[in-house]
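Keep in mind the model is a prediction, meaning the values are calculated, not measured. The first residue in the sequence is number 1, and the count goes up from there.
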Amino acid sequence: MSRRRLNVDDYVTGVRAGDRVVLARAITLIESDLPADAEPAAAVLDALLPHAGRSRRVGITGVPGVGKSTFIDALGMHLVRDRGELVAVLSVDPSSPISGGSILGDKTRMERLSLEEKAFIRPSPARGHLGGVARHTRETILLCEAAGYENILVETVGVGQSEIAVRSMTDFFLLLMIAGAGDELQGIKRGILEMVDAVAVNKADGDNVARAERTRAEYAGALHLFPASTDGWTPRVTTCSALSGGSVAAVWELVLEHRALLGATGAFVERRRRQALEWMRELVSLSLDGRFRRHPLVSSRLLDIERAVLDGQVTSFAAARELVQLFFT
């Protein structure tokens with residue numbers, strides 16, 4: 001389709017037809033911060049919502065260097081080549097806190113998958129939102145589902161609150177680890193382990209196989225210490241090698257097993273209901289924050305009050321109270 005300006009019907013028709021160019025432009029529309037794009041973006045989402053919701057949503061996290069992109073490349077190839085399915089990868093790049101820019105290099109890091117017609121890779125700058133999850137990731141998931149993508153993989157930058165955010169918008173949460181990662185991970189292990197549906201110890205190849213197996217056993221033992229999940233699923237721990245492709249298919253079988261179990265018990269529907277509620281709450285918070293910052297009295301006073309807080313001239317509590325009072329004036 002040409003680069004002419006698209007209307008709402010163009011977006012809806014193109015996305016429903018699986019046109020990857022239109023899908024990319026639709027995602028750009030909903031990611032836009034321009035006030036003029038807000039109404040058409042909402043109209044596109046409303047029109048496509050009835051056609052969404054039928055994918056497998058998988059969140060994948062892990063510390064930098066664990067091989068997330070290589071793993072996703074191998075997993076995606078398994079989905080498109082071995083299973084003949086469509087896969088969308090939503091990979092959130094860490095934005096620079098100074099310039100706001102991001103590398104957006106996921107397509108170069110997923111060399112094989114990026115060449116596949118059945119794969120759609122969308123890197124999105126995080127812009128500092130929730131430690132690594134782009135503000136509009138939920139909406140992007142819906143657009144990809146409406147375009148017919150059966151599998152949605154969301155890769156996080158693996159820091160801060162990103163795991164919590166991804167857990168709230170996906171059905172299956174996978175943590176990638178490596179053997180001998182060091183004690184620096186101890187501080188984040190427990191919080192993440194309480195949320196995971198599976199742990200995969202990556203890079204289990206060559207001389208590292210034995211160490212990976214020992215690490216797998218350690219994590220399996222650790223998971224047994226946590227309370228049983230209310231949805232009936234017992235988190236699994238396995239090893240894999242994204243480089244050689246070994247056991248990557250077995251990891252996906254865990255996703256399918258998990259989906260079947262939750263579907264049979266009704267927990268899957270309940271999880272999707274909770275996701276919708278969480279999405280509504282997030283949208284309310286974002287909308288209120290936007291209106292607050294655009295309020296004439298608040299926007300005219302905000303920079304001065306922030307400087308005063310930085311200089312210690314006013315407490316954070318007093319500053320916040322003043323701004324809220326201005327908003328309700």
Heavy-atom count check: over 12 atoms from other residues, nucleotides or ligands less than 6.0 Å from R112 CZ?
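Check passes, neighbour count above 12.
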How about CZ on R272, more than 12 heavy atoms from neighbouring residues, nucleotides or ligands closer than 6.0 Å, or not?
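Enclosed.
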Pair L174-F71, side-chain contact (heavy atoms from CB on, under 4.5 Å): steps then yes or no:
CA-CA 11 Å; L174 174 66; F71 174 84; 3.6 Å; yes
Indicate yes or no: does [X] engage [Y] in a salt bridge with an N to O separation below 4.0 Å.
{"X": "E278", "Y": "R167", "value": "no"}
{"X": "E31", "Y": "R122", "value": "yes"}
{"X": "R57", "Y": "E145", "value": "yes"}
{"X": "R271", "Y": "D231", "value": "yes"}
{"X": "D10", "Y": "R5", "value": "no"}

Nearest 0.5 Å please: distance from the [atom1] atom of [X] over to the [atom2] atom of [Y].
{"X": "H136", "Y": "T28", "atom1": "NE2", "atom2": "OG1", "result": "11.0 Å"}
{"X": "E306", "Y": "S316", "atom1": "CD", "atom2": "OG", "result": "10.5 Å"}
{"X": "D73", "Y": "S114", "atom1": "CG", "atom2": "OG", "result": "7.5 Å"}
{"X": "I121", "Y": "E116", "atom1": "CD1", "atom2": "CD", "result": "9.5 Å"}
{"X": "L143", "Y": "L49", "atom1": "CG", "atom2": "CG", "result": "10.0 Å"}
{"X": "I30", "Y": "T140", "atom1": "CD1", "atom2": "OG1", "result": "4.0 Å"}

Does the side chain of [Y] come within less than 4.5 Å of [X]'s, by heavy atoms?
{"X": "H258", "Y": "R236", "value": "no"}
{"X": "F172", "Y": "L254", "value": "yes"}
{"X": "D304", "Y": "R307", "value": "yes"}
{"X": "L90", "Y": "E155", "value": "no"}

Can you check side-chain contact (heavy atoms from CB on, under 4.5 Å) on W279 and M169, steps first, answer last?
CA-CA 8 Å; W279 184 22; M169 66 179 72; over 6 Å; no
Would you say [Y] ends up clustered with [X] if hydrophobic residues are merged whenever their side chains have heavy atoms under 4.5 Å apart, either directly or through other cluster members?
{"X": "L261", "Y": "V58", "result": "yes"}
{"X": "I152", "Y": "L142", "result": "no"}
{"X": "F226", "Y": "L175", "result": "yes"}
{"X": "M195", "Y": "V237", "result": "yes"}
{"X": "L256", "Y": "I60", "result": "yes"}

With a distance cut-off below 6.0 Å to the six-membered ring centre and an angular limit of 45° from the axis, does R259 pair with F268 as a cation-pi contact?
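That pair qualifies as a cation-pi contact.
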Polar side-chain atom of [X] near backbone of [Y] as donor-acceptor pair, under 3.5 Å:
{"X": "E85", "Y": "L79", "value": "no"}
{"X": "S247", "Y": "A250", "value": "no"}
{"X": "D311", "Y": "Q313", "value": "no"}
{"X": "W233", "Y": "D197", "value": "yes"}
{"X": "K118", "Y": "G84", "value": "yes"}
{"X": "N202", "Y": "L176", "value": "no"}
{"X": "S287", "Y": "L283", "value": "no"}
{"X": "K68", "Y": "T61", "value": "no"}
{"X": "D82", "Y": "M77", "value": "no"}

How close do [X] and [Y] get, heavy atom to heavy atom, and via which atoms?
{"X": "P235", "Y": "L223", "value": "CB-CD1, 4.0 Å"}
{"X": "V8", "Y": "A43", "value": "CG2-CB, 3.9 Å"}
{"X": "W252", "Y": "R56", "value": "CZ2-CD, 3.8 Å"}
{"X": "A242", "Y": "V248", "value": "CA-CG2, 4.3 Å"}
{"X": "T170", "Y": "V166", "value": "OG1-O, 2.8 Å"}

List the steps and the verdict of side chain to side chain donor-acceptor pair (under 3.5 Å) for R138 and S168.
CA-CA 10 Å; R138 297 178 192 271; S168 72; 2.7 Å; yes
Check against side-chain contact (heavy atoms from CB on, under 4.5 Å), V80 and L86:
CA-CA 6 Å; V80 300; L86 300 177; over 6 Å; no
Linking Ile, Leu, Val, Met, Phe, Trp and Tyr through side-chain heavy atoms less than 4.5 Å apart, which residues share a cluster with I305?
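ILVMFWY cluster around I305 also holds F292, L297, V298, L302, L323, V324, L326, F327, F328.
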Partners of T239 by side chain to side chain contact (heavy atoms under 4.5 Å, CB included), sequence neighbours excluded?
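Only V201, A204, A212, E213, R216 meet the side chain to side chain contact (heavy atoms under 4.5 Å, CB included) criterion with T239.
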